[in-house]
Novice: 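One structure, pasted below without further comment.
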There are 2 protein chains.
Amino acid sequence: MNSKQEFIEKLRNSSLRPTKQRINICEVLFNRDKTFHFTINDLFNLIKDKTGEKVSLATVYNTVHAFHKKGYLKEIPINSNQTYFDTNVTDHHHFFDVKEEKLIDLKNEDVGPIEIQKSIPGKKIKSVEVLVKLED
Amino acid sequence: MNSKQEFIEKLRNSSLRPTKQRINICEVLFNRDKTFHFTINDLFNLIKDKTGEKVSLATVYNTVHAFHKKGYLKEIPINSNQTYFDTNVTDHHHFFDVKEEKLIDLKNEDVGPIEIQKSIPGKKIKSVEVLVKLED
DNA sequence: AATCTTCTTTAGAATAATTATAAACAACGA
DNA sequence: TCGTTGTTTATAATTATTCTAAAGAAGATT
C-alpha cells in the first residue's frame, strides 16, 4: 500500500506538481500489490470508478506520458489499436492472450537469457523484449 | 525475381481474384531480393511510384490484410502510430531503431534459442517474438 | 460472345486513438 | 497576498484504420 506522500514524491521526481488529479491517477496506478497492465482508456474509466472523481482524458494522457518518460511506467510493444502500459518497470517479458486481449507478465527467469549476436555500428541496445502470443 | 504468374498463384491461394490492382501490389511487395519492412502508407506511396498506377488506399488495406491472414506477410509488434509488416514470414526477430523508426531483421541464429518456462492452462504458444530497441 | 452472378475497387464517410489549443484555474515562491 | 509558472479542461484537430454502397471487372454458364 502506497501512501499519498509517496505519490507526491513520485510526482516531484517527475517534475510534476502534485495536483488532485495526478494523485488520483497515482492512486489507481500504484496503489496495488500486483503489476497492472492497462490502456489509457482502462485507466480513464478506473479513475472515475475508484476515486469517484473525473479526470479529463487529456490529463490522463499527459500524466501517463510523463511517468513513462521518467521510467515509472513501461510501454509494451504490441500491435493493438490501443497502447498498453505496465506498472512493472523491471526488465521482463509478456504473454499476450490474443483472444482475450490480455497481458500476463513473464518473470525474467521464465525466459532464458537472450543473447543478441549481432550489432549495428553506432547503435547500442536500449531494451530487449519478448512477446509470446497465446492462442487456445 | 518473381513473375506475374507467381503473383497470380499467390493471390489464388489467398482466395483473391488476380486483379490489376492486386498484381501491382504484389509487384511492390514481392518483387525484391531483400526482406521488405513497411507500413500501409509506405506501400501505398510506393505503388504509385513504381507502377505508375494508383491503387486506392482501401484496396491496399484489404489486400495486405488478406495476405497477412494467409501468412504471406508478417505483422511486427511495435508500438508505433502505424502498423508495420514484413515480407519475411520465416521465424525471426527484429531490431527497431527508435530514432530512425526503422526495422532491421535479426536472423534466428543471431538470437539464441528462447525457452519459455511458464505455461498458461488451456493456452498454447502461437509465436515468440523478440524486439530489440536500438538507441545512439 | 452474351449473360448472370459474385467479387472487387473506389471515393468518401465513419470511427477511434491520440495530440494540440487556448482559456480558466491551481500551485509555488517571494 | 501577489505574480509567475505550470496544470486542467473541453473541444477541436489530426491520423490510422474501417465501413459503405455504387460502379466496375472477373468467372462461370450457356
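Values below: every heavy atom of this structure, side chains too, minus hydrogens, waters and symmetry copies. By convention in this document, chain letters (A, B, ...) are assigned in the order of the sequence lines, proteins followed by strands, and residues within each chain are numbered from 1. Everything numeric here is computed off the predicted structure, so don't read it as measured data.
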Novice: Applying salt bridge (charged side-chain N to carboxylate O under 4.0 Å, His left out), run through A:Asp136 and B:Lys124 and close with a yes or a no.
Specialist: CA-CA 6 Å; A:Asp136 292 317; B:Lys124 59 186 178 192; over 6 Å; no

Novice: Could you give me the CA-CA distance, side-chain angles and deciding distance for A:Asp42 and A:Thr39, then say whether side chain to side chain donor-acceptor pair (under 3.5 Å) is met?
Specialist: CA-CA 5 Å; A:Asp42 293 338; A:Thr39 65; 3.2 Å; yes

Novice: Regarding A:Thr83, tell me which of base, sugar-phosphate or nothing describes its non-hydrogen contacts under 4.0 Å with the strands shown.
Specialist: sugar-phosphate

Novice: Describe the nucleic acid contact of A:Thr59 in one word from base, sugar-phosphate, nothing, applying a heavy-atom distance below 4.0 Å.
Specialist: base

Novice: Any side-chain N or O of B:Arg22 under 4.0 Å from OP1/OP2 of C:dT8?
Specialist: yes

Novice: Rounded to whole Å, please give me the gap between OH in A:Tyr84 and P in C:dA17.
Specialist: 11 Å

Novice: Do A:Lys118 and B:Phe95 form a cation-pi contact, if we require the NZ or CZ to be under 6.0 Å from the six-membered ring centre and within 45 degrees of the ring's axis?
Specialist: no

Novice: Between B:Ser15 and B:Leu57, just flag the one whose closest nucleotide in DNA chain C comes earlier from the 5' side.
Specialist: B:Ser15

Novice: Any donor-acceptor pair under 3.5 Å linking the side-chain atoms of A:His92 with those of A:Asn108?
Specialist: no

Novice: Is the distance from OP1 or OP2 of D:dG27 to the nearest side-chain N or O of B:Arg12 less than 4.0 Å?
Specialist: yes

Novice: Whether A:Thr19 contacts D:dT8 is assessed here as follows: a side-chain N or O lying under 4.0 Å from the phosphate OP1 or OP2. Is that the case?
Specialist: yes

Novice: Starting at NZ of A:Lys20 and ending at P of C:dC25, how long is that distance when rounded to a whole Å?
Specialist: 13 Å

